[in-house]
Amino acid sequence: MVLDEATGPQGAEALIADGDYLGREAVVKIRPPKGYRLPVLDSSIRASRTRNEARIMHEARAAGVRTPCIYDIDLKECTITMERISGDLVKNHLDSHPEDAPRVCRMIGETIARMHTARICHGDLTTSNMILHDDSICLIDLSMGCTKAEMEDIGVDLRLLERAFTSAHTELEESFGVLMDSYYSHVDNPAAIRRKLDDIRNRGRYT
Ligand SMILES: Nc1ncnc2c1ncn2[C@@H]1O[C@H](COP(=O)(O)OP(=O)(O)OP(=O)(O)O)[C@@H](O)[C@H]1O
Ligand SMILES: [Mg+2]
């Protein structure tokens, strides 16, 4: 594995380094130690987030959701080496090509519906955790996700998406409607999910 210098926002949990793995373009996601945590606790938290992320990426992929292919996992160093996905972050694409928002939002809705149908939640559904790759949506950053999701988990995933999307893309309110219509048209139980999402919104309003 040949690595360039790791980069990441200051204070972020993970650093991303470009490199190659057996001749393939790869990125390494590194969870560096956090000095403020007791070392044994720190190692165990970092290892468990690394393991969780790799497991959920793998399960989502098995359910037909595009996620990076995993090349290697190192639980001691807490790194995942994965396929580097080419393409723009959905966030940047929507900022620079708002006219393409309806098409992209339809794809996002369908992708998330497929993931939820497999009872997998992402845990951090923002347009910065999606890459527009060859006319499909690739989901990244699944470290907060879960499998065997219940209706409540699915509702919370959608509520987080709604909040993240509407605050990142204030001009694209209509396209968010397109996203949700596409989502509901691809799940088996749209009415129950709609009710759950309403319920979660109302809870936020009155507590
Ligand atoms: N497989 C990949 N291919 C291409 N780019 C990637 C890939 N994984 C991550 N990136 C880039 O690195 C950025 C940060 O990655 P990621 O979202 O996984 O980390 P993070 O938000 O710091 O993680 P965490 O929330 O787990 O602390 C992404 O927004 C994306 O630009
Ligand atoms: Mg991220």
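Residues take their numbers from the sequence shown, with the count starting at 1. All heavy atoms count here, side chains included; hydrogens, waters and symmetry mates do not. All ligand and atom numbering here is 1-based and tracks the order in the structure.
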Engineer: Please state which option from Leu142, Ile131, Asn129, Asp141 has its nearest heavy atom closest to atom 6 (C) of ligand 1.
Structural biologist: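 Ranked by closest heavy atom to atom 6 (C) of ligand 1, first place is Ile131.
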Engineer: Answer yes or no: does an N/O atom from Glu53 fall short of 3.5 Å to an N/O atom of ligand 1?
Structural biologist: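 There is no such contact.
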Engineer: Quick one: which of Thr81, Ile30, Val27 has a heavy atom closest to atom 8 (N) of ligand 1?
Structural biologist: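 The nearest heavy atom belongs to Val27.
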Engineer: Report yes or no: does a heavy atom of Met144 sit under 4.0 Å from some atom of ligand 1?
Structural biologist: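 Contact check Met144 vs ligand 1: negative.
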Engineer: Need the ligand 1 atom indices (1-based, order shown) with element for anything under 4.0 Å from a heavy-atom of Lys29.
Structural biologist: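 Answer for ligand 1: 16 (P), 18 (O), 19 (O), 23 (O), 24 (P), 26 (O).
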Engineer: Give a yes or no on this: more than 12 heavy atoms of other residues, nucleotides or ligands lie within 6.0 Å of atom CD of Glu174.
Structural biologist: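 Open.
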Engineer: What atoms in ligand 1 come closer than 4.0 Å to a heavy atom of Arg84?
Structural biologist: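 Within the 4.0 Å cut-off of Arg84, ligand 1 contributes 3 (N), 4 (C).
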Engineer: Considering the heavy atoms of Ser143, write down every atom of ligand 1 situated less than 4.0 Å from one of them.
Structural biologist: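 Answer for ligand 1: 26 (O).
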Engineer: Would you say Asp141 and Glu53 make side-chain contact, with heavy atoms under 4.5 Å?
Structural biologist: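 SC-SC contact between Asp141 and Glu53 confirmed.
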Engineer: With a 4.0 Å heavy-atom cut-off (strictly under), which part of Ser86 contacts ligand 1: side chain, backbone, both or neither?
Structural biologist: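 It is neither part, as no heavy atom is under 4.0 Å.
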Engineer: Hey, which atoms in ligand 1 end up nearer than 4.0 Å to a heavy atom of Glu83?
Structural biologist: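 Here the atoms of ligand 1 in question are 1 (N), 2 (C), 3 (N).
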Engineer: Using a 4.0 Å cutoff against the non-hydrogen atoms of Met82, which atoms of ligand 1 qualify?
Structural biologist: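 So the atoms of ligand 1 that pass are 1 (N).
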Engineer: Is Arg46 paired with Asp42 through a side-chain N to carboxylate O contact shorter than 4.0 Å?
Structural biologist: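 Looking at Asp42 and Arg46, the cut-off is met.
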Engineer: Distance check below 2.8 Å: does Thr126 bring an N, O or S atom to the Mg ion (ligand 2)?
Structural biologist: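 False for Thr126.
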Engineer: Taking 4.0 angstrom as the limit, do Arg203 and Glu152 come out as a salt bridge?
Structural biologist: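 Counted as a salt bridge, because a side-chain N and a carboxylate O are separated by less than 4.0 Å.
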Engineer: Quiz question: by atom type and distance under 3.5 Å, do the side chains of Asn129 and His122 form a donor-acceptor pair?
Structural biologist: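 No, no side-chain donor-acceptor pair sits under 3.5 Å.
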Engineer: Verify the distance criterion only: is there a donor paired with an acceptor across the side chains of Asn52 and Arg49 at less than 3.5 Å?
Structural biologist: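 Short answer, no.
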Engineer: Should Ile85 be counted as touching ligand 1, given the test is an N or O pair under 3.5 Å?
Structural biologist: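 In this structure, Ile85 places an N or O atom under 3.5 Å from an N or O of ligand 1.
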Engineer: Can we say Glu77 and Arg31 salt-bridge, meaning some charged N sits less than 4.0 Å from an Asp/Glu carboxylate O?
Structural biologist: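 No.
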Engineer: Does Ile85 form a side chain to side chain contact (heavy atoms under 4.5 Å, CB included) with Arg66? I'd like the steps, not just the answer.
Structural biologist: CA-CA 10 Å; Ile85 306 291; Arg66 184 76 172 94; 3.8 Å; yes
Engineer: With respect to the Mg ion (ligand 2), please indicate if Asp141 possesses an N, O or S atom at a distance under 2.8 Å.
Structural biologist: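 Yes, since at least one N, O or S atom of Asp141 sits under 2.8 Å from the Mg ion (ligand 2).
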Engineer: Quick test of your reading of the model: are Asp20 and Arg84 salt-bridged, counting only N-O distances below 4.0 Å?
Structural biologist: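 Not counted as a salt bridge, because no side-chain N and carboxylate O are separated by less than 4.0 Å.
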Engineer: Between Glu83 and Arg24, is the closest basic N to carboxylate O distance under 4.0 Å?
Structural biologist: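 Answer for the salt bridge query: no.
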Engineer: Would you mind telling me if ligand 1 is within reach of the side chain of Arg49, the backbone, both or neither, using heavy atoms under 4.0 Å?
Structural biologist: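 No part of Arg49 comes within reach of ligand 1.
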Engineer: Counting only heavy atoms, tell me which of Val90, Ile140, Ile80 gets closest to atom 10 (N) of ligand 1.
Structural biologist: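 The residue whose heavy atom sits nearest atom 10 (N) of ligand 1 is Ile140.
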Engineer: Side chains of Leu161 and Asp157, heavy atoms from C-beta outward: is any pair under 4.5 Å?
Structural biologist: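 Heavy-atom side-chain distance check fails, nothing below 4.5 Å.
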Engineer: Go through ligand 1 atom by atom and flag the ones less than 4.0 Å from a non-hydrogen atom of Ala14.
Structural biologist: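 Every atom of ligand 1 under 4.0 Å from some heavy atom of Ala14: 22 (O), 23 (O), 27 (O).
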Engineer: Short list, please: which atoms of ligand 1 are under 4.0 Å from a heavy atom of Ser128?
Structural biologist: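 Within the 4.0 Å cut-off of Ser128, ligand 1 contributes 29 (O).
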Engineer: Which of the atoms in ligand 1, numbered in the order shown and given with their element, are less than 4.0 Å from a heavy-atom of Pro68?
Structural biologist: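 This gives 1 (N) as the contact atoms.
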